[in-house]
Number of protein chains: 2
Amino acid sequence: MGEESTDIGQRSVPTSVDVARRAGVSQAAVSLVLGGKAAGRVGKKSQEAILSAARELGYAPNSAARTLRSGRSHVIALVVPDVNNPFFAAVFEGAERAARKEGYSVILITLKDIQDWQQLINEAFTTYAVEGWVLYTMRVPTAPLQELLRDKAILVDGFTDEMPSLLLDIQHGMSDMMQHLIQLGHTRIAHLAAAPDDETFRLRHRVYRETLLQHNIPYRDDYQLRSAFTLEASYQAAYQLLTLADAPSAIVCDSDMLAAGVYKAAYALHLSIPRDLSVTGFDDSLVSRILVPELTTVAIPTDTLGEQTIALLLSVLEKKQTPHFDPLLLSLVVRGSTAAIEDK
Amino acid sequence: MGEESTDIGQRSVPTSVDVARRAGVSQAAVSLVLGGKAAGRVGKKSQEAILSAARELGYAPNSAARTLRSGRSHVIALVVPDVNNPFFAAVFEGAERAARKEGYSVILITLKDIQDWQQLINEAFTTYAVEGWVLYTMRVPTAPLQELLRDKAILVDGFTDEMPSLLLDIQHGMSDMMQHLIQLGHTRIAHLAAAPDDETFRLRHRVYRETLLQHNIPYRDDYQLRSAFTLEASYQAAYQLLTLADAPSAIVCDSDMLAAGVYKAAYALHLSIPRDLSVTGFDDSLVSRILVPELTTVAIPTDTLGEQTIALLLSVLEKKQTPHFDPLLLSLVVRGSTAAIEDK
DNA sequence: CTGAAAGCGCTTACAG
DNA sequence: CTGAAAGCGCTTACAG
């Protein structure tokens, strides 16, 4: 039995000193080997002795000590508006997977119901020693926060001069969707927009409007509604659209979540999708596949998004040359919620 | 200008020493005040000086140093099978909210696609200095893992002698659901069970079977299917049930996610819910409200769950007397997916 | 290739 | 009520 196994009762957590003693080397050698910096600095025999001693003791380096000394935590924070939206759960998963490959881990910070997100981010700094930030918040942070996050954060699907951004090709995604509907013969196309006044949503609306114009389809004010990201709100908005005297034959939604409300309103009004009404979403989240019939939507590829996000953030953190990413390509996914308009 | 503002270029992060210097007190006093332990130990004037100095410098205690010294990180890990299931997103939110009140924060660990979750948990120990664990994994951990987690973890909706558990009253929830269907006149009730062989699902099945027995309804082997938590798998299983010669008039699902597959199969077979088929879920997740018509389900109250979970875990960590919680009450939520069977 | 040592920024007992 | 000091467990420059 080694000396370190003499502790009675409470199993004390082994430290690098315990490992060093058992392996017959210095504590520094243990640190070098476990930190993967032993090449050419610690003899092969010592390395083996250290590794097996570590294994026997169940040693794992103390993260707080490591972070304190090195100034690196390898923790990335992903800030999203709401995890209850399955789209953001998928974004988290994609970022998590990509980060793991690079030796980082991701914590999830939800802004929902939070007034003071400056405080929240401060807390995260304190609690987790977050090294880098991915803000998928659709809202450009305020000036003091930008100062705090300088050279540590990137913005996804939003733009500011103050911070590197990963852009999504909302433009083409939305345009493809509009073309799709127009090709199906729709001209009475309403837009159910997201309530938050973010650039990503303004962009959707601009493309909606321009595409109508290009096809000489009149833009109607009564076909424009905005809704919060709740089923109740989107239901109400859709109900209002569908009970217009001259109701739309298609409703384009800014998000799959909003489309779910449209399905409910259609059901309440005994309208069949896609026979009586075409509906489209945005995101290609789980929601789009749960809906029956499945939702035609614009896919945001969360795996690629995660990889590019992490690559961009790490380049910022390491002050390397920032890689250039073209806006992420979004593709139209045609499913059962859209159909050619029937002659009546 | 204070002495600490003389650094040129890189804004160095202020430390307690900087605050102490500016406030004209000792570093220890700063620690006491910021740590909320100043009562009766630091004079009122000093406290004020410290607080304003901290504010002016934008000081926040270094978490790594704090954790290293005190051995406390105030981080709780929540381990779930899959965040893409909106139910677990809601569980996270509930736990997060409850933990925040107690000064803890919650990181989310997803087991999906992970083979070796022992390693994952080890990693989390290393990376985040996790103090306490909530395992909502529906699988009792292996022996070495139990050793690692002793006195640090609780299990939710699962039972083992090795670990405190928070139980859900699956029994009554499932029983209420079955009563509901039987009262509606259903006798051909199939059970679409979850594939994982966990106690929580075995329990659902036991209650299903017993309730049939109590009502002299024959138990049929061809009405029993299991499905993984994917839409494709549950669709296939439901399709198989619905194309039986003597197809069920109701399908009871172990989870809302599984019910979504049933909706798809019903749609494919031109069966109308609830007219031709009643469907029920379990969890009352976002999924149950997205489905059209909305799903009759058993509600697991994630807010209460979060509060009890955190309360139980903290009592374990603080080695206080463990509070006793009765199994969490689940309530039947009747919505549009169930109806009285029609006379044919 | 190896060892001895400094020090990251705190918390906390201890002496006044 | 205040101050001086030890020490948490590492990483990393430095001297051999």
Side-chain angles (χ1 to χ4, degrees), chain A residues 4 7 10 12-50 53-54 57-75 103 125-129 131, chain B residues 4 7 10 12-50 53-54 57-75 103 125-129 131:
Chain A
E4 63 281 1
D7 349 6
Q10 70 246 7
S12 61
V13 178
T15 70
S16 57
V17 172
D18 296 324
V19 176
R21 196 153 38 200
R22 177 178 267 244
V25 299
S26 72
Q27 179 271 329
V30 174
S31 174
L32 254 17
V33 171
L34 272 293
K37 297 185 176 167
R41 308 205 53 203
V42 181
K44 210 178 171 190
K45 277 201 174 159
S46 294
Q47 291 197 37
E48 280 164 15
I50 289 167
L57 295 175
Y59 169 74
N62 178 303
S63 70
R66 190 173 252 190
T67 298
L68 174 58
R69 183 56 240 232
S70 69
R72 314 273 330 249
S73 68
H74 285 225
V75 172
F125 255 123
T126 309
T127 308
Y128 303 106
E131 262 182 57
Chain B
E4 62 283 2
D7 349 3
Q10 69 244 5
S12 60
V13 178
T15 70
S16 58
V17 172
D18 297 324
V19 176
R21 195 153 37 200
R22 177 178 271 246
V25 300
S26 72
Q27 178 273 329
V30 175
S31 176
L32 254 18
V33 171
L34 272 294
K37 297 184 176 167
R41 309 208 52 204
V42 181
K44 213 177 169 193
K45 277 202 173 158
S46 295
Q47 291 197 37
E48 279 164 15
I50 288 167
L57 295 174
Y59 168 74
N62 177 304
S63 71
R66 190 171 250 191
T67 299
L68 175 58
R69 184 56 240 235
S70 69
R72 314 270 336 244
S73 67
H74 285 223
V75 171
F125 255 123
T126 308
T127 308
Y128 303 105
E131 261 182 58

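Numbered from 1 within each chain, the chains take letters A, B, ... in sequence-line order. Everything numeric here is computed off the predicted structure, so don't read it as measured data.
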By the Watson-Crick or G-U definition, both distances under 3.5 Å, D:dA4 is matched with none
B:K44 has an atom NZ; how far is it from atom P of D:dT2, in whole Å? 13 Å
Does B:R69 or B:S46 map to a spot on DNA chain D nearer the 5' end, using the closest nucleotide for each? B:S46
Starting at atom CD of B:E48, determine the distance to atom C1' of D:dC1, rounded to an integer number of angstrom. 16 Å
Pick one: which of A:P61, A:S16, A:S46 meets side-chain contact (heavy atoms from CB on, under 4.5 Å) with A:V30? A:S16
Minimum heavy-atom separation for A:S73 to A:T67, with atom names? CA-OG1, 3.7 Å
Which of D:dT11, C:dC10, C:dT12 is nearest the side chain of A:R66? It is D:dT11
Does C:dA13 pair with anything, Watson-Crick or G-U wobble, both distances under 3.5 Å, and if so, with which nucleotide? none
Examine C:dT12: is either OP1 or OP2 under 4.0 Å from a nitrogen or oxygen in the side chain of B:K37? Give yes or no. yes
Nearest whole Å is fine: how far is C:dC1 C1' from A:Q47 CD? 11 Å
Contact check, side chains of B:V19 and B:L57, non-hydrogen atoms, under 4.5 Å: yes
Return whichever of A:G43 or B:A65 has its heavy-atom-nearest nucleotide of DNA chain C closer to the 5' end. A:G43
When the distance from OH of B:Y59 to P of C:dG9 is rounded to whole Å, what number comes out? 10 Å
Measure from CG on A:L68 to P on D:dT12 and round the result to the nearest Å. 12 Å
Need one value for B:S31: base, sugar-phosphate or nothing, where a base atom within 4.0 Å counts as base even if backbone is also close, heavy atoms only. base
In whole Å, what is the span from the CZ atom of A:R72 to the P atom of C:dC8? 19 Å
What integer distance in Å separates B:R21:CZ from C:dG9:C1'? 13 Å
Have a look at B:A28 and say if it touches a base, only the backbone sugar-phosphate, or nothing, with a 4.0 Å heavy-atom cut-off. base
Closest to side chain of A:T15, choosing from D:dC10, D:dT12, C:dT12: D:dC10
Consider side-chain contact (heavy atoms from CB on, under 4.5 Å). Of B:D18, B:V13, B:L34, which one does B:Y59 pass it with? B:L34
Does B:S16 have a side-chain nitrogen or oxygen under 4.0 Å from the phosphate oxygens OP1 or OP2 of C:dC10? yes
Whole angstrom is fine here: how far is it from CD in B:Q27 over to P in D:dA6? 14 Å
Main chain of B:V33, side chain of B:Q47: is a donor-acceptor contact present, judged purely on distance under 3.5 Å? no
